[in-house]
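These numbers were taken from a predicted model, which means no experiment stands behind them. Both counts, for ligands and for their atoms, begin at 1 and track the order of listing.
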Amino acid sequence: MKVMGINGVMEALKSGKVNKIFVLKDATNPRIKEIVALAKKKKIPVVYTPQLPKEARGVMAEISPIEYKEVDTIIDKCIREGSFILFLDSVEDPQNMGAIMRSAEFFGCAGVVIPKRRCVQVNETVAKVSAGAVFHLDIARVENLANILKKLKKFGITVVGADLDGEPLRNVDLSPPLAIVVGGEDKGLSKPVKKQCDFIAKIEGYGKINSLNLSVAGAIIMYEFRRRLHEG
Ligand SMILES: C[S@@+](CC[C@H](N)C(=O)[O-])C[C@H]1O[C@@H](n2cnc3c(N)ncnc32)[C@H](O)[C@@H]1O
């Protein structure tokens, strides 16, 4: 897998997943120089090249494939840290997947769980849009999201689904340990997934359109989770 762009390469490098770095011969950006210095310190080969794809913006890394985690590892971490797990139900657009993964990492998510089918997988676009967040996140792939959500109850994890057809977010209990479930672009939350949610939360709008981009909806709930924890 290749990662392009300064942020993605830097985060991949910090996470120890880079095998080789390609740098444009005449690159002058000081952050690229920082990347080269860090790569050399970590004894990672740096190849200078006269040409790179435009979207690399001067730097590209060859990385090991994403190592998916067991969902149980993420559940343990969520309980131990008193944090939250993000579940993505049939997200199809890699831009949206990358954007929500970036926010999930930013808000200190214990891990992200995605279905093996009918969902975009963690590819180069997701890695790039996430600004390298995917290299710091624990990500699990599961056969059936609803079955895992059912299992969470036994561990005392509250499951909150984000949906247009819910009660206002401000009335919903977001106490940790928490699972936040966000739906896909077209279908939203599937029926079996909705059935496993303890609460369905709606972010109230004040304009004419009725829905948010899924990555924005997810980020608002993750922020609200952290805000309430902070304010006690
Ligand atoms: C673009 S919306 C999907 C809309 C879908 N056509 C539907 O009818 O549910 C993608 C996902 O973002 C989340 N979302 C978007 N707007 C939201 C809102 N106002 N409140 C809660 N969740 C929202 C939900 O999880 C939703 O499934």
>> Counting only nitrogen or oxygen atoms and a 3.5 angstrom limit, does Lys202 reach ligand 1?
In response: no
> Is Leu212 in polar range of ligand 1, meaning some N or O pair under 3.5 Å apart?
Replying inline: yes
>> Please check: side-chain N/O of Lys17 versus main-chain N/O of Phe135, any donor-acceptor pairing under 3.5 Å?
In response: yes
>> Would the distance check show the side chain of Glu185 and the main-chain N or O of Glu92 forming a donor-acceptor pair, the cut-off being under 3.5 Å?
In response: yes
> How does Asp165 reach ligand 1, by side chain, by backbone, by both or by neither, if only non-hydrogen atoms under 4.0 Å count?
Replying inline: neither
> Which is it for Ala162 and ligand 1 at heavy atoms under 4.0 Å: side chain, backbone, both or neither?
Replying inline: both
>> If you compare all heavy atoms of Val122 against all heavy atoms of Val134, which two are closest, and at what distance to 0.1 Å?
In response: CG1-CG1, 3.9 Å
>> Give me the atom names and distance for the closest heavy-atom approach of Val160 to Ala201.
In response: CG1-CB, 3.9 Å
For [X], atoms of ligand 1 separated by under 4.0 Å from a heavy atom:
| X | answer |
| --- | --- |
| Glu185 | 1 (C), 3 (C), 4 (C), 6 (N) |
| Asp186 | 5 (C), 6 (N) |
| Val182 | 25 (O) |
| Ser211 | 1 (C), 16 (N) |
| Ala201 | 21 (C) |
| Leu214 | 10 (C), 11 (C), 12 (O) |

> Does ligand 1 have any atom sitting under 4.0 Å from a heavy atom of Gly184?
Replying inline: yes
Among all protein heavy atoms, pick the one closest to [atom] and tell me residue, atom and distance.
| atom | result |
| --- | --- |
| atom 23 (C) of ligand 1 | Ala217 CB, 3.6 Å |
| atom 9 (O) of ligand 1 | Gly188 CA, 3.7 Å |
| atom 11 (C) of ligand 1 | Gly183 O, 3.3 Å |

Spacing of [atom1] belonging to [X] relative to [atom2] belonging to [Y], to within rounding of 0.5 Å:
| X | Y | atom1 | atom2 | result |
| --- | --- | --- | --- | --- |
| Lys69 | Ile75 | NZ | CD1 | 14.5 Å |
| Phe22 | Met60 | CZ | CE | 5.0 Å |
| Leu13 | Leu38 | CG | CG | 4.0 Å |

Taking everything shown except [X] itself, do over 12 heavy atoms lie less than 6.0 Å from its [atom1]?
| X | atom1 | answer |
| --- | --- | --- |
| Lys42 | NZ | yes |
| Arg228 | CZ | yes |
| Glu204 | CD | yes |

>> If you take the nearest heavy atom of each of Leu164, Asp163, Ile203, which one is closest to atom 8 (O) of ligand 1?
In response: Leu164
